[in-house]
Structures are given as C-alpha cells and as structure tokens.
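Single-structure report; data block below.
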Amino acid sequence: MTPVQPVRGTQSLLGEDADRLATVVAAFERVRRLYGFKRVEVPTIEQTAVFARTIGETTDVVSKEMYSFEDRGGESITLRPEFTAGICRAYISEGWQQHAPIKVATHGSAFRYERPQKGRFREFRQLDAEIIGSGEPQADVELLGFAEQLLRELKIEGAILKLNTLGDPETRSAWRDALHEHFRSRASELSDDSRARLERNPLRILDSKAHQDWPVVDSAPVIDDFLTDEAADFFGKVTQGLDAAGIHWERAPRLVRGLDYYRHTAFEFVTDRLGAQGTVLAGGRYDGLIESLGGPQTPAVGWAAGIERLAMMIEVPARETSRAVLVPLGERAEAAAQRILADLRRTGVAADMAYRGNMKKRLSRANDAGAAYVIIVGDDELDRGEAQVKNLATGEQRAVALDDLTAAVIAA
RNA sequence: GCGAUCGUAGCUCAGCUGGUUAGAGCACUGGUUUGUGGUACCAGGGGUCGCGGGUUCAAGUCCCGUCGGUCGCCCCA
C-alpha cells in the first residue's frame, strides 16, 4: 500500500500541467484589467446557508455535492462549490453595496463531491466575473465581451457562445408550468432519468442526452411564447449589443441553467473537445439572488469558467527558462558565484546555479534548463578576475571580466 | 450514487494459454572526456508485480473483496 495517497479528485501538478493553469490565470488577470473588473478575494468557506439558500435546495450541487462539516463551535460550514454566492454574501455583509454598481473578478479553488472524470475534479479551479447592481442589458454585453476576449486570447478555437433567455420570474414560472404539463402528459415516452427530473427540475429534461427524449423535447413549448414584453425587450437589447460589439453567438432556445438563481440571460461557451464536459465557461443573470440572502433587491450578472478545462484546450505554454546558469568549480568559486548570482538576479536577469555533480553534469543541467548562457567560475578564472561565458546555442566561449558579466549575459 | 475499464521500476509500458533469479525505453548515478552541454557508447542503482484473502505442486498471470486511476451516466465550470 502506498504510504500516503492524495484525496480523490485532487491534483498535484508540476511542469507543463501547472504552467497551463498559470497561463490561463495570467490571461484572465490581463483581460480583467482591460474590462475594468476589480480583483476581489472571498473566503474558501462560508456558512452552509449561503450556498443552500442561493443555489437551490433541490439542485445536486446542494443536495449531494457540498463539502460541509461542523466546526468546533457547532456551526455548519461549507467549502465553496462556486464563487457567486460568496461574492454576493460579501456584497451584503462587507458593505460593497456602497460601490454599486461594481464589476468584480476572482479565481481560485472550488469543491464539489463528485466522481472525477475528464475535466472534472473534486477540488477544481474557477475563474469568476460578476457585475453587481446593474440591471441594464449593457452589463450582460460587457460581461460576455470579457468572456469572449478571454477565450480569444487563450486561442481557444471552437468554443461557441450558446445564448438563451429564461425571462423574468413571471415568464419563467409560466414556461415552467407549461413544460411540466407537457412532459407529464407524455411521461410514458420519457427516459427513466427524465421521469425522475419531472418533479424535481422539469427544465433539465430539455437538455437530456437520452435519444428517447428527443421527440418529446422537440415538441415542448418554447420560452419565446411565454416571454413578457419586458423580458423580450431585455433579451433583444442584449443580442443587439452583442452584434454591435462583434461577438458571435448562437440562440439555444432549450439552454437552461442548473442553478435556481438564474433569470433572463443564460449562456454557455461549449466545445466538443472535452468529452462529456463540454461547458468551458457559463453563467447568466441572477437578479433575485442577493435578495434571497437577505440583501436589497439587486440585479446582477456573472459567469464562471473551469480553469482546468480551459488549460486542457490551450497550446503548450512556453517553458520558463533561466537566462544564465552559473557553474562554480571549487569552494572559493562557489562563494564568488553566489555573489554573481545575486547580482544578476537583482538586476532582473533570470539566473540559476548548478552546484552538484561534475562539470559535465552541471553543463547538462544548464542545457536542460534551457539557459542561453553558462558562466563557468573556477580558481584560475577568479585569480584573473574573470569568468568563462559560454553561449549554449553556438557553443562559443570567451573570458569576461567579472564586472562585465551582467552586460555580457544581457546582450544578445 | 450507478456503469465500464485499468492498476508491473520515478515515468511510459512488455510479460503468450499460471511454470526456474520479473524485462525494455526514458529518467537517475558513474565512466569513455582528473574543468565543458546538446549526439554516441559502456556500466550501475532502483520493483512487497496497489492492498488483503482464496484456488493450485506452482499466481504478475485465475477467483473474490478492497483501495486508487481513467472514461461514461447523473449533475456541473
């Protein structure tokens, strides 16, 4: 038996896989500033009620996927399964309301107790962007622009924006009732899974993967027939804004979102490159959420993206390399090399030192590290106040005065 | 929670219908080159065959259980 094992569904990454995640986060941070979203930090843990009340008691996320535990004070605490609820809690309890409307963004780990599979982990990382306190369709457009530009900068091809509206509360409940009626009348034609969804969450039958359900789904009532004038107008303004901004989208009239808090705009960027986990970034408008946490009626829109899923789709990131690697030979040389190394780093030159093994080994390590130069320091060189600088690409080597090392290594 | 599949060296894997000291490539260490890499050659270290039990004269190989990985269902980023 292995002495220690990682917790199921957690990851420990080194090298390319770790670099991929960092690349995604770096792009997110860059685009975030372009769109004027403020960086925020929120706790990894919240009182369980924060998630239970907002996400929906009947959703799988709340009913079976939360990492909840009782702390020593007897309080029920939950590891965040997403960011939105925690950010809204902070909006209320930290006085962020005074800055409304606010555009905020964050990223970090989230936790869901699920069976791991491709693109899905128990501890996973999300990017998150929210606009709180803004009920205008322009907010939806701006938020989608952020998402679209992020995916574009990550060079993720083939992720298409599927867009729908769930309407306002009246729309949604009228449509839901009609769907419920429709599916119930034809329950015998539905798959077992969908029959189970009938009472719990009839909307989800719409995106059932079972072929058996297709005919019933195709003939189901469509949201457009239930939209109030206001809801239709809002959606029209969102789509016009997207068109004006040059953001491509596809209408997905059967797109619904799993979490209870969504209203009006709902969207997903989907791909066929990640197996069963095609959704790479998703979100929507959640005008009722903050109220459900005891705050004032506050309109808001947001999205979340799976960092691991994005990381699987980007090109291999460029390797991080040192500009120069020092190879000291002998104790006196090691002390001198420490000095040179510190000087190089303080002047902004990425440098490293190979201090074990024979010379062949050390040069080999410098080569593996992708260094442009190797600086060889031995007693002979020290006595002359110089070091050997070798260009690993060309193989050429020359003596350079210790004082000129930084310049020699910076110069192309 | 359900289903399928896999689990042999640090990594990727081979090991045929059960049969002597379990192999390869890469990586690692040393050497060919007492201070010169990227190529090549030589040598070396490293394995309770996930774990537990069972069948058998004999189990890495068959059976059961268990833990873990992977992929799918549900659901979701």
Side-chain angles (χ1 to χ4, degrees), chain A residues 1-11 14-15 24 55-56 58-65 80-84 107-129 147 159 191-194 196-197 200-201 204 207-210 256-259 267-271 274-283 302-313 325 327-330 333 354 356-371 373-381 388-397:
Chain A
M1 204 168 42
T2 322
V4 285
Q5 286 181 337
V7 173
R8 172 170 242 166
T10 61
Q11 310 177 85
L14 170 70
V24 170
I55 294 172
T58 62
T59 61
D60 278 18
V61 169
V62 168
S63 64
K64 62 178 203 188
E65 294 173 359
R80 64 184 175 213
E82 53 135 48
F83 279 98
T84 304
H107 62 85
S109 288
F111 304 81
R112 276 167 12 196
Y113 192 87
E114 303 181 277
R115 284 292 289 273
Q117 60 192 71
K118 189 183 182 73
R120 159 188 291 180
F121 308 92
R122 285 188 174 178
E123 179 183 9
F124 61 108
R125 294 159 181 81
Q126 281 192 334
L127 307 174
D128 190 277
S191 63
D192 291 346
D193 277 339
S194 286
R197 284 189 273 240
R200 203 161 39 95
N201 196 348
R204 292 241 67 108
D207 55 8
S208 166
K209 286 176 186 169
V256 292
R257 311 262 40 248
L259 311 184
F267 56 86
E268 291 183 350
F269 283 84
V270 296
T271 172
L274 293 178
Q277 271 62 244
T279 302
V280 94
L281 183 155
W303 54 250
I307 296 181
E308 287 87 352
R309 291 185 185 178
L310 293 172
M312 285 190 281
M313 296 182 71
V325 171
V327 174
L329 296 161
R356 75 186 298 181
N358 57 26
M359 175 131 189
K360 178 190 170 82
K361 198 75 229 164
R362 297 183 191 205
L363 280 180
S364 178
R365 285 203 191 287
N367 194 64
D368 292 345
Y373 294 95
V374 162
I375 300 172
I376 301 163
V377 188
D379 289 347
D380 297 349
E381 285 84 359
Q388 294 290 327
V389 174
K390 177 168 184 147
N391 180 322
L392 283 176
T394 64
E396 104 189 48
Q397 182 173 327

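Quick note on labels: first sequence line is chain A, next is B, and so on, each numbered from 1.
Dashed line: the shortest gap from a side-chain N or O of A:Asn358 to OP1 or OP2 of B:G31 is under 4.0 Å. Contact check, A:Arg365 against B:U29: a side-chain N or O comes under 4.0 Å of OP1 or OP2. Close to B:A77, at under 4.0 Å from its OP1 or OP2, lies no side-chain N or O of A:Arg125. At the phosphate of B:G72, OP1 or OP2 sits under 4.0 Å from a side-chain N or O atom of A:Gln117. Phosphate contact (OP1/OP2 of B:C73, side-chain N/O of A:Lys209, threshold under 4.0 Å): present. Taking only side-chain nitrogens and oxygens, A:Lys361 never comes nearer than 4.0 Å to OP1 or OP2 of B:G37.
When both pairing distances are held under 3.5 Å, B:A43 makes a Watson-Crick or G-U pair with B:U29. For B:G72, the paired nucleotide is B:C2, the pair qualifying as Watson-Crick or G-U wobble because both relevant distances are below 3.5 Å. Nucleotide B:G19 is matched to B:C57 when pairs are restricted to Watson-Crick or G-U wobble geometry with both distances under 3.5 angstrom. A 3.5 Å limit on both hydrogen-bonding distances identifies no Watson-Crick or G-U partner for B:G37. Across all strands shown, B:A24 pairs with B:U12; the Watson-Crick or G-U wobble distances both stay below 3.5 Å.
Summarising the geometry of A:Glu65 relative to A:Glu114, their closest heavy-atom pair is OE2-OE2, 3.2 Å, with the distance given to 0.1 Å. Of all heavy-atom pairs spanning A:Ala159 and A:Phe269, the tightest one is O-CD2, 4.2 Å. The heavy-atom pair separating A:Ser109 from A:Glu123 by the smallest distance is OG-OE2, 2.7 Å.
For A:Pro116, the listed nucleotide lying nearest its side chain is B:U70; candidates were B:U70, B:A77, B:C71. Considering only the side chain of A:Lys64, B:C74 comes nearest among B:G69, B:C75, B:C74. Of the listed nucleotides (B:U36, B:U29, B:U70), B:U36 has the atom at the smallest distance from the side chain of A:Met359. When distances are taken from the side chain of A:Leu363 to each of B:G37, B:C73, B:C75, the shortest belongs to B:G37. Across B:A77, B:C74, B:G35, the shortest atom-to-atom separation from the side chain of A:Gln388 is found for B:G35. Which of B:A77, B:A40, B:C75 sits closest to the side chain of A:Lys360 comes down to B:A40. Of the candidate nucleotides B:G35, B:G37, B:U70, B:U70 has the atom lying nearest to any side-chain atom of A:Arg115. Nearest nucleotide to the side chain of A:Lys118, out of B:C71, B:G37, B:G35: B:C71.
Taking atom P on both nucleotides, B:U55 is separated from B:C11 by 33 Å, rounded to a whole Å. Across the P atoms, B:G45 and B:A40 are found 23 Å apart, a figure rounded to whole Å. B:G7 and B:C16 are spaced 12 Å apart, taking the P atom of each and rounding to whole Å. B:C75 sits 13 Å from B:C2 when the C1' atoms are compared, rounded to a whole Å. One C1' atom belongs to B:U5, the other to B:A59, and the distance between them is 22 Å to the nearest Å.
A cation-pi contact links A:Arg122 to A:Tyr113, judged by a cut-off of 6.0 Å to the six-membered ring centre and 45° from its axis.
Using a 4.0 Å heavy-atom criterion, one finds that A:Leu281 contacts the sugar-phosphate atoms exclusively. A:Glu114 comes within contact range of at least one nucleobase, with a heavy-atom separation under 4.0 Å. Residue contacts for A:Phe121: at a heavy-atom cut-off of 4.0 Å it reaches a base atom on one of the strands shown. A:Gln11 comes within 4.0 angstrom of nothing in the nucleic acid, heavy atoms only. Within 4.0 Å of A:Arg197, counting heavy atoms only, lie sugar-phosphate atoms of the nucleic acid but no base atom. At the heavy-atom level, A:Gly9 lies under 4.0 Å from the strands shown only through sugar-phosphate atoms. Nucleic acid contact for A:Glu268: none, since no nucleic acid atom lies under 4.0 Å from a heavy atom of the residue. In this structure, A:Ala304 reaches the sugar-phosphate backbone alone: every heavy-atom distance under 4.0 Å involves primed, P, OP1 or OP2 atoms, never a base. Within 4.0 Å (heavy atoms only), A:Ala110 reaches no atom of the nucleic acid at all.
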